[in-house]
There are 2 protein chains.
Amino acid sequence: MEKHETSVVEALHSAIRSAGLRLTLPRRAICRVLAANSEGFLTVAQILESVEQSAGQIDSSTAYRTLDELARIGLVHHIHFGNQPGKWHLTLDNDHQHLVCETCQKTTLVPLTEIAPMFNHFRDTYQFHTNLHHFAILGHCEDCKPRYPHDA
Amino acid sequence: MEKHETSVVEALHSAIRSAGLRLTLPRRAICRVLAANSEGFLTVAQILESVEQSAGQIDSSTAYRTLDELARIGLVHHIHFGNQPGKWHLTLDNDHQHLVCETCQKTTLVPLTEIAPMFNHFRDTYQFHTNLHHFAILGHCEDCKPRYPHDA
DNA sequence: ATCCGTGCAAATACTTTGCATTTAC
DNA sequence: GTAAATGCAAAGTATTTGCACGGAT
């Protein structure tokens with residue numbers, strides 16, 4: 001495991017403990033998988049598959065319940081692209097946002113500094129507090145663009 | 001029916017015809033419901049209920065198939081908030097965007113002119129073509145904010 | 001008359017829930 | 001030891017699909 005990965009796992013562990021939750025084997029496994037994909041969006045199916053390879057099978061209900069708990073204490077968020085299953089990602093690295101291609105799912109990272117002015121505008125003008133973690137922007141990348149004439 | 005509503009319905013009808021699709025009774029009913037809620041996001045369940053009141057029952061599979069067709073020709077889009085059922089909305093009025101409160105669902109409209117600079121930035125810098133219709137921004141309104149310390 | 005669209009029923013996909021057992025603390 | 005978390009099984013929602021019939025063009 002990479003160094004950065006390890007420190008992310010440790011941060012998750014201590015956040016779980018601080019929240020008064022128990023650090024069980026399924027939870028450790030899920031943390032490890034999330035940390036190994038800290039830039040990505042994972043479905044529950046992908047998480048289960050990945051956990052199975054590294055730590056043996058866990059039940060999907062356990063995964064859903066664990067992810068809900070992690071969301072409750074603010075470690076993860078989930079988002080839906082189109083009609084696909086929900087995708088989960090860590091909220092620790094919140095110095096960027098995601099531009100997600102609806103066709104090929106390619107994700108481009110944008111530094112938060114480039115879009116913060118807009119969020120500040122929403123806050124000041126509309127008293128609206130943007131959820132930076134839920135805020136994935138959908139559209140199309142250059143390659144996939146031509147097929148979708150209706151988009152910007 | 002209001003005047004603006006009527007003209008929206010007519011626009012939808014002619015777009016359907018132009019696309020080579022047939023203008024059936026269920027499709028007319030769905031167009032009417034969408035036009036009557038042109039600022040909103042409707043679930044299939046809400047559409048079915050509303051259609052039932054105005055034009056009699058239609059099957060949910062018909063609604064899903066019709067909405068998929070309308071999406072294909074660019075008249076509607078759908079989006080998921082959290083784990084809720086997908087919500088559909090018209091794309092005709094695309095001069096604004098939506099700030100949606102994740103807690104109470106309150107929606108604030110933002111003129112496109114206020115956020116266009118950011119989309120242009122995405123296009124110029126990242127070759128990313130934002131889908132203006134999918135682009136609903138999640139967060140919390142002033143009233144619901146305090147319960148969610150993790151958000152911006 | 002043709003073929004697209006509909007309704008019905010069944011299937012599928014995703015997620016949630018109840019409960020007895022196991023495990024972390 | 002105690003309460004929380006897990007696994008299993010079943011249920012609940014949301015959505016999709018196959019097919020025979022009916023309606024729009």
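Letters go in sequence order (proteins before strands), and every chain restarts at 1. Quick caveat, the model's predicted, so the values are computed rather than measured.
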Novice: Polar atom pairs between nucleotides 21-25 of chain C and protein, under 3.5 Å, N or O only, would you list them?
Specialist:
residue	atom	partner	partner atom	Å
C/dA24	N3	A/R22	NH1	3.1
C/dC25	OP1	A/R17	NH2	3.2
C/dC25	OP1	A/L23	N	3.2

Novice: Restricting to side chain to side chain contact (heavy atoms under 4.5 Å, CB included), what partner residues turn up for A/P117, sequence neighbours left out?
Specialist: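 For A/P117, no residue satisfies side chain to side chain contact (heavy atoms under 4.5 Å, CB included) once neighbours in sequence are set aside.
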Novice: Among residues two or more places apart or on two chains, list those pairs meeting salt bridge (charged side-chain N to carboxylate O under 4.0 Å, His left out) that have a residue in residues 6-32 of chain A.
Specialist: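 Qualifying pairs: none.
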Novice: Given atom NE2 of B/H13 and atom C1' of D/dT25, what is their separation to the nearest angstrom?
Specialist: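 Distance check: B/H13 NE2 to D/dT25 C1' gives 16 Å.
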Novice: Ring centroids only, cut at 6.0 angstrom: are B/F81 and A/H80 within range, meaning strictly under it?
Specialist: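 Between A/H80 and B/F81, which both carry aromatic rings, the centre distance is not below 6.0 Å.
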Novice: For A/T43 and C/dA13, is the shortest distance between a side-chain N/O and OP1 or OP2 below 4.0 Å?
Specialist: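 So the side-chain polar atoms of A/T43 never come under 4.0 Å of the phosphate oxygens OP1 or OP2 of C/dA13.
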Novice: Specify the closest pair of heavy atoms between B/T91 and B/G74, including all atoms of both residues, with the distance to one decimal.
Specialist: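 It is OG1-O, 2.7 Å.
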Novice: Students often mix this up, so state it plainly: with edges at 30° and 60°, are the rings of B/W88 and B/H78 parallel, tilted or perpendicular?
Specialist: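 Geometry flag for B/H78 against B/W88: parallel rings.
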Novice: Applying side chain to side chain donor-acceptor pair (under 3.5 Å), which residue pairs with at least one partner in residues 40-58 of chain A are found, sequence neighbours left out?
Specialist: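 Found A/T43-A/Q46.
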Novice: Whole Å only: how far is the CD1 atom of A/I58 from the C1' atom of D/dC8?
Specialist: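 So the CD1-C1' distance, A/I58 to D/dC8, works out to 14 Å.
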Novice: Pick from A/H96, A/H98, A/H77: which one makes a ring-ring contact (aromatic ring centres under 6.0 Å, His included) with A/H89?
Specialist: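 One option only clears the test, and that one is A/H98.
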Novice: I'd like to check the side chain to side chain donor-acceptor pair (under 3.5 Å) partners of A/T125; sequence neighbours left out, ordered by chain and number.
Specialist: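 Only A/H121 meet the side chain to side chain donor-acceptor pair (under 3.5 Å) criterion with A/T125.
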Novice: Indicate for each nucleotide in nucleotides 10-17 of chain D, in 5' to 3' sequence, whether protein heavy atoms under 4.0 Å reach the base (B), only the sugar-phosphate (S), or nothing (-).
Specialist: ----SBBB
Novice: Grab the CG-P distance between A/L42 and C/dC14 for me, whole Å please.
Specialist: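 Atom-to-atom, A/L42 to C/dC14, this comes out as 15 Å.
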